[in-house]
Amino acid sequence: MAEAQDIVRVAVLASGSGSNLKVLLEAQMKPAKVTLVICNVAGAGAIDKAKDDGVPCVLIEHKNYPSREAFDGELVEALVKARIDWVVL
C-alpha cells in the first residue's frame with residue numbers, strides 16, 4: 001500500500017462508454033490518480049477516454065480465456081505490474 005506522501009495508484013475496470021471513467025478522471029484529487037484502465041470489450045468508449053486523458057489502457061477480453069480463473073489471473077497480473085493500490089469498478 002502506498003504511503004501517505006505517495007500517489008495512490010488507481011485502476012479503473014471498464015467495459016462500456018466510459019462515462020463513469022470520465023467523471024473519475026475529471027474529479028481526481030491527490031493523492032489518488034487513475035494510472036491504468038483495464039477494459040474487457042474491444043471498441044468500448046472507455047478506451048478512447050483513457051487515451052484522450054493520457055492514461056494507459058489494457059484490453060483484456062474475457063472471451064479470449066478458457067476460464068474465469070485464467071481471465072482473472074491475467075487481470076491480476078496487469079494490476080500487479082502497474083503497482084495498483086486501489087481498483088474501481
Side-chain angles (χ1 to χ4, degrees):
M1 183 79 166
E3 295 181 19
Q5 70 273 15
D6 293 340
I7 291 174
V8 176
R9 300 169 65 86
V10 177
V12 177
L13 305 186
S15 62
S17 68
S19 57
N20 290 332
L21 172 62
K22 182 177 180 185
V23 171
L24 289 168
L25 291 170
E26 291 173 351
Q28 289 188 79
M29 297 187 324
K30 291 181 180 176
K33 179 173 178 59
V34 175
T35 59
L36 179 66
V37 173
I38 298 177
C39 189
N40 68 332
V41 178
I47 295 170
D48 292 329
K49 287 185 175 54
K51 288 180 182 178
D52 290 347
D53 212 70
V55 177
C57 185
V58 176
L59 177 62
I60 304 175
E61 294 183 273
H62 61 276
K63 66 182 181 182
N64 294 336
Y65 294 86
S67 66
R68 179 63 190 230
E69 291 77 18
F71 169 76
D72 288 349
E74 188 71 19
L75 184 68
V76 169
E77 187 176 316
L79 294 169
V80 169
K81 182 177 180 182
R83 301 178 330 208
I84 297 301
D85 298 302
W86 295 348
V87 176
V88 178
L89 306 176

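Counting from 1, the numbers follow the sequence of the chain as shown.
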Minimum heavy-atom distance between Cys39 and Ser15, given as atom pair plus value: SG-CA, 4.0 Å
Distance-minimising heavy-atom pair for Ala46 and Leu21: O-CD2, 3.5 Å
From Leu13 atom CG to Asn20 atom CG, the distance as rounded to the nearest 0.5 Å: 12.0 Å
Val76 reachable from Phe71 in the ILVMFWY side-chain graph, under 4.5 Å edges: no
Contact check, side chains of Ile47 and Val37, non-hydrogen atoms, under 4.5 Å: no
Show me, pair by pair, the donor-acceptor contacts under 3.5 angstrom made by side chains of residues 57-64, not counting sequence neighbours?
from  : atom 1 : to    : atom 2 : distance (Å)
His62 : ND1    : Asn40 : ND2    : 3.1

Single-linkage hydrophobic cluster Leu89~Val23, side-chain heavy atoms < 4.5 angstrom: no
Minimum heavy-atom distance between Leu25 and Lys49, given as atom pair plus value: CD1-O, 4.1 Å
Minimum-distance pair of heavy atoms, taken over all atoms of Ala32 and Trp86: CB-CZ3, 4.0 Å
Pairwise distance NZ(Lys33) to CG(Asp85) - rounded to 0.5 angstrom: 13.5 Å
Over all atoms of both residues, closest heavy-atom pair of Arg9 and Thr35: CB-OG1, 3.5 Å
Sequence-distant partners of Val88, side-chain contact (heavy atoms from CB on, under 4.5 Å), two or more places apart: Val10, Val12, Leu24
